[in-house]
Colleague: 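My structure is below; once you've seen it, I'll send some questions.
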Amino acid sequence: MAILPIIEAPDPRLRVVSAPVAGVDDDLRRLMDDMLETMYDAPGIGLAAIQVGVPKRVLVIDLQRRDEPAEEGAEPVEVREPHYFINPEIVWASDELASYNEGCLSVPELFGDVQRPARIRARWLDYDGSAREEAFDGLMATCLQHEMDHLEGVLFFDHLSKLKRDMIVKKLTKAKRQKLAA
Ligand code: NI
């Protein structure tokens with residue numbers, strides 16, 4: 001496995017619409033393994049392939065739930081539960097919305113409250129290429145919708161008011177200038 005460089009906004013590649021995957025093979029599984037390692041290293045809870053420069057409809061998610069330790073005062077136990085989504089589609093979304101303060105590994109250190117359907121039902125291909133369908137709510141529903149936006153070239157701040165969006169774009173452009181000058 002390898003840690004891949006993560007593309008950061010305003011890189012135009014993040015605006016590319018990713019292409020459907022024709023078949024799940026070992027090359028694709030290697031990409032998903034690398035994406036997962038990259039995501040854990042960052043650290044983050046979700047990563048779309050385009051964020052490492054690959055315009056394919058593939059994403060990985062692990063909410064990395066932390067369980068209470070058995071002993072008082074000990075470190076919380078991190079539970080790793082990786083999810084792989086190939087060619088994901090939302091087949092149903094609730095009218096009810098949920099708001100979450102979202103961030104993104106491609107938009108470092110910036111956050112914004114985004115409203116999305118609170119519950120969704122999704123269909124996708126799994127790590128082994130088998131078809132899956134499941135309903136999600138809570139952080140999983142939010143995270144899956146955020147990552148699926150990446151497949152359309154959409155970033156979380158596109159959902160914010162123009163004022164907040166302009167503020168984030170300004171900060172990103174400034175950060176990029178500083179990085180180039182450094
Ligand atoms: Ni993101």
Colleague: Give a yes or no on whether Tyr40 atom OH has more than 12 heavy-atom contacts from other residues, nucleotides or ligands under 6.0 Å away.
Modeller: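 Atom OH in Tyr40 is crowded, with more than 12 foreign heavy atoms closer than 6.0 Å.
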Colleague: Restricting to non-hydrogen atoms, name the atom on Asp62 and the atom on Gln64 that form the minimum distance, rounded to 0.1 Å.
Modeller: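 For Asp62 and Gln64, the tightest heavy-atom pair comes out as OD1-N, 2.8 Å.
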Colleague: Which pair of non-hydrogen atoms, one from Tyr100 and one from Leu139, has the smallest distance, and what is that distance?
Modeller: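 Nearest pair, atom of Tyr100 first, then Leu139: CZ-CD1, 3.4 Å.
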Colleague: May I ask you to decide whether Lys56 forms a salt bridge with Asp27, counting only side-chain N to carboxylate O separations under 4.0 Å?
Modeller: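 Here Lys56 does not pair with Asp27 in a salt bridge, since their nearest N and O are not under 4.0 Å apart.
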Colleague: Restricting to non-hydrogen atoms, name the atom on Ser94 and the atom on Ala118 that form the minimum distance, rounded to 0.1 Å.
Modeller: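 Smallest heavy-atom distance, with atoms named: OG-N, 3.2 Å.
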Colleague: Would you please test Arg30 and Asp33 for salt bridge (Lys or Arg N to Asp or Glu O under 4.0 Å) and show each step?
Modeller: CA-CA 5 Å; Arg30 199 167 306 127; Asp33 291 344; over 6 Å; no
Colleague: Applying the 4.5 Å side-chain criterion to the ILVMFWY set and letting contacts propagate, would Val16 and Val58 be lumped into a single cluster?
Modeller: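 Val16 does not cluster with Val58.
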Colleague: Over 60° means perpendicular and under 30° means parallel, so classify the ring planes of Trp124 and Phe136, tilted if in between.
Modeller: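 Because their plane-to-plane angle lies in the 30° to 60° range, the rings of Phe136 and Trp124 count as tilted.
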Colleague: When hydrophobic residues are tied together by side-chain contacts of less than 4.5 Å, even through go-betweens, does Met35 share a cluster with Val24?
Modeller: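 Looking at the clustering, Val24 is in the same group as Met35.
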Colleague: Quick one: are Leu97 and Pro117 in side-chain contact, heavy atoms under 4.5 Å?
Modeller: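 Answer yes - side chains close enough.
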Colleague: To the closest 0.5 Å, what do you measure between CG (Asp158) and CD (Glu152)?
Modeller: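 Between Asp158 CG and Glu152 CD, I get 12.0 Å after rounding to 0.5 Å.
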Colleague: Assigning hydrophobic clusters by single linkage (Ile, Leu, Val, Met, Phe, Trp, Tyr; side-chain heavy-atom cutoff under 4.5 Å), is Leu105 placed with Phe156?
Modeller: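 Per the 4.5 Å side-chain linkage, Leu105 and Phe156 are not co-clustered.
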Colleague: Charged N to carboxylate O under 4.0 angstrom, Asp166 versus Lys162?
Modeller: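 Yes.
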Colleague: Is any side-chain heavy atom of Asp149 less than 4.5 Å from a side-chain heavy atom of Arg116?
Modeller: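 Side-chain contact under 4.5 Å: yes.
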Colleague: Between Ile6 and Pro108, is there a side-chain heavy-atom distance shorter than 4.5 Å?
Modeller: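 A side-chain contact under 4.5 Å is absent here.
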Colleague: Within the distance-only criterion (no hydrogens, no angle test), does the side chain of Arg119 pair as donor or acceptor with the backbone N or O of Asp137 below 3.5 angstrom?
Modeller: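 No, Arg119 side chain to Asp137 backbone: no donor-acceptor pair under 3.5 Å.
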Colleague: Is the number of heavy atoms from other residues, nucleotides or ligands within 6.0 Å of CD (Glu71) greater than 12?
Modeller: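 Result for CD/Glu71: open.
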Colleague: Glu8 and salt bridge (charged side-chain N to carboxylate O under 4.0 Å, His left out): which single residue from Lys171, Lys179, Lys176 fits?
Modeller: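 Exactly one option meets the salt bridge (charged side-chain N to carboxylate O under 4.0 Å, His left out) with Glu8, and it is Lys179.
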Colleague: Looking at OG of Ser99 and NE2 of His159, how far apart are the two atoms once the value is rounded to the nearest 0.5 Å?
Modeller: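 One finds 12.0 Å between OG of Ser99 and NE2 of His159.
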Colleague: Between the side chain of Arg29 and the main-chain N/O of Tyr127, is any donor-acceptor distance below 3.5 Å?
Modeller: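 The answer is yes, because a donor-acceptor pair under 3.5 Å joins these two groups.
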Colleague: Using every non-hydrogen atom in the two residues, find where Ile50 and Arg13 come nearest and quote the distance to one decimal.
Modeller: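 Looks like CG1-O, 3.3 Å.
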Colleague: Could you point out which residue of Val52, Leu47, Asp41 forms a side chain to side chain contact (heavy atoms under 4.5 Å, CB included) with Leu4?
Modeller: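 Among Val52, Leu47, Asp41, the one that satisfies the side chain to side chain contact (heavy atoms under 4.5 Å, CB included) with Leu4 is Val52.
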Colleague: With the side chain counted from C-beta on, respond yes when Gln51 and Leu14 share a heavy-atom pair under 4.5 Å apart, and no when they do not.
Modeller: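 Touching, per the 4.5 Å side-chain cut-off.
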Colleague: Going from CD1 on Ile168 to NZ on Lys170, what distance comes out if it is rounded to the nearest 0.5 angstrom?
Modeller: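 One gets 12.5 Å once the value is rounded to the nearest 0.5 Å.
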Colleague: Are Phe157 and Leu110 connected into the same hydrophobic cluster when the rule is that any two of I, L, V, M, F, W, Y join if their side-chain heavy atoms are below 4.5 Å apart?
Modeller: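 Per the 4.5 Å side-chain linkage, Leu110 and Phe157 are co-clustered.
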Colleague: Can a donor-acceptor pair be found, under 3.5 Å and without considering hydrogens, that links the side chain of Glu102 to the backbone of Gly112?
Modeller: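 Looks like no, no N/O pair under 3.5 Å.
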Colleague: So, are Arg57 and Glu147 salt-bridged, with charged N and O less than 4.0 Å apart?
Modeller: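 No, Arg57 and Glu147 are not salt-bridged.
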Colleague: How close do Arg15 and Leu155 get, heavy atom to heavy atom, and via which atoms?
Modeller: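 The pair with the smallest heavy-atom distance is NH1-N, 3.5 Å.
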Colleague: So which heavy atom on Ala9 is nearest to which on Val107, and how close?
Modeller: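 Heavy atoms only, the tightest pair is CB-CG2, 4.3 Å.
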Colleague: Distance from Leu59 atom CG to Asn87 atom CG, nearest 0.5 Å?
Modeller: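 CG of Asn87 is found 10.0 Å from CG of Leu59.
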Colleague: Counting heavy atoms not belonging to Arg123, are there more than 12 under 6.0 Å from its CZ?
Modeller: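 Incorrect, the count does not exceed 12.
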Colleague: Quick one: CZ on Arg121 to CD1 on Ile90, what's the gap to the nearest 0.5 Å?
Modeller: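 Rounded to the nearest 0.5 Å, the CZ-CD1 separation comes out at 12.5 Å.
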Colleague: Taking atom types as modelled and ignoring hydrogens, do the side chains of Tyr84 and Asp128 form a donor-acceptor contact shorter than 3.5 angstrom?
Modeller: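 Asp128 and Tyr84 do not have a side-chain donor-acceptor pair below 3.5 Å.
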Colleague: Please round to the nearest 0.5 Å and tell me the distance separating atom CG of Leu144 and atom CD1 of Ile120.
Modeller: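 Those atoms lie 4.5 Å apart.
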Colleague: Is it true that Val60 and Ile86 fall in one hydrophobic cluster, defined by side-chain heavy atoms closer than 4.5 Å?
Modeller: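 They do share one cluster, since a chain of ILVMFWY contacts under 4.5 Å joins Val60 to Ile86.
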